[in-house]
Every structure is written in C-alpha cells, then in structure tokens.
Amino acid sequence: QVHLVESGGGLVQTGGSLRLSCTASGRTFSIAAMGWFRQVPGKEREFVAAISWSSGNSAYADSAKGRFTISRDKAKNTVYLQMNSLKPEDTAVYSCGVPNKGWGPWVQTADNYDYWGQGTQVTVSS
C-alpha cells in the first residue's frame, strides 16, 4: 500500500504561480513513476504530467507544456508540480497518483493508476 498526501493548492490570480507537493509513504520502494491529474465537477480526471522515478523523464499534457514543471525528490519521496502562468481554466482539484505498470505511455491514463491522494484545490481567479 502507498499513501499519498498532496499540499500546496490555493487561490491565485491569473498569471500567478503555485507549487503542489505530493508525499508518498508506505511501500515507497514500489514506486516507479508518479503522475498529476486534475478534475473539475462533472468531468473525468485529466492528465497533467508524470515523471519516471528512476530516470526523471517526464511527460506533459499539451495544456501544461511550457507552463508546468514536474520534478521529484527521491530522498523525500515527494513529487512536485510547479505551475506558472496560471489561467482560470486550470481551476480544478489536483491529485497525484502512482501508476500500476511503472513508466510508459500508459501513465497518461487515470485507469492505469492504483493509488491516489485526496487531492488539493487550485482556484485561479480572473
């Protein structure tokens, strides 16, 4: 079992920045990748970014490229999502997760994740 706890969400104005954190505990030795997704009411989870735990290779949704950066601190079992140039359409609950097959193209699909955090709200005002 892996437990994930997100933090860092909040209210920010358009153009502002936030850094989200997600710290893992439990069977952290089993983590091969981690990802960030977001969700608004009435919609499915949307892929944002993911990172390979060993190599640091990353993948981004088109909406995140050039504005968001995912990184990880292996010693702290923590993954970060630095979000810059935020827009109102970035408003959502952001959750981190651990995919069940490690690193690969499947990390962009929420169904391939076994563990999720509780989520943190990000609200961008116009």
State, to 0.1 Å, how close [X] and [Y] come at their nearest heavy-atom pair, and which atoms those are.
X    : Y    : answer
G117 : S95  : O-OG, 4.3 Å
V48  : Y94  : CG2-CE2, 4.2 Å
L11  : S125 : CD1-CB, 4.3 Å
G119 : V93  : CA-CG1, 3.9 Å
W53  : V79  : CZ3-CB, 4.3 Å
V40  : A92  : CG1-CB, 3.7 Å

Output the distance between atom [atom1] ([X]) and atom [atom2] ([Y]), rounded to the nearest 0.5 Å.
X    : Y   : atom1 : atom2 : answer
F68  : S58 : CZ    : OG    : 14.0 Å
Q118 : H3  : CD    : NE2   : 12.5 Å
S63  : D90 : OG    : CG    : 7.0 Å
I70  : C96 : CD1   : SG    : 9.5 Å

- Message: Suppose clustering is done on Ile, Leu, Val, Met, Phe, Trp and Tyr with side-chain heavy atoms closer than 4.5 Å. Which residues sit in the same group as F29?
- Response: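 Cluster partners of F29: none, it stands alone.
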I'd like to know if [Y] and [X] are part of one continuous hydrophobic network [Ile/Leu/Val/Met/Phe/Trp/Tyr, side-chain heavy atoms within less than 4.5 Å].
X   : Y    : answer
V12 : L81  : yes
V2  : F37  : no
W36 : L86  : yes
Y60 : Y113 : no
V98 : F47  : no

Report yes if some heavy atom in the side chain of [X] is under 4.5 Å from a heavy atom in the side chain of [Y]; otherwise report no.
X    : Y    : answer
V107 : N112 : no
L4   : M34  : yes
T23  : K76  : no
L20  : S7   : no
R72  : Y80  : no
S21  : E6   : no

Could you tell me which residues satisfy side-chain hydrogen bond (donor to acceptor under 3.5 Å, both in side chains) with [X], sequence neighbours excluded, listed by chain and number?
X   : answer
T91 : none
N84 : S17, Q82
K43 : none
R27 : none

- Query: What pairs with E89 under side-chain contact (heavy atoms from CB on, under 4.5 Å), at least two apart in sequence or on another chain?
  - Reply: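 Partners of E89 by the side-chain contact (heavy atoms from CB on, under 4.5 Å) criterion, ordered by chain and then number, come out as K87.
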- Task: Answer with yes or no whether the side chains of D111 and T109 bring together a donor and an acceptor at under 3.5 Å.
- Result: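 No, no side-chain donor-acceptor contact under 3.5 Å.
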- Indicate yes or no for a side-chain donor-acceptor contact from Q1 to the backbone of G26 under 3.5 Å, with no hydrogens or angles considered.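 No; zero donor-acceptor contacts below 3.5 Å.
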- Query: So, W103 side chain and P99 main chain: donor-acceptor pair closer than 3.5 Å or not?
  - Reply: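 Side chain of W103 to backbone of P99, a donor-acceptor pair under 3.5 Å: no, none is there.
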- Task: Decide yes or no on side chain to side chain donor-acceptor pair (under 3.5 Å) for T14 and S126, but give the supporting numbers first.
- Result: CA-CA 5 Å; T14 296; S126 56; 5.6 Å; no
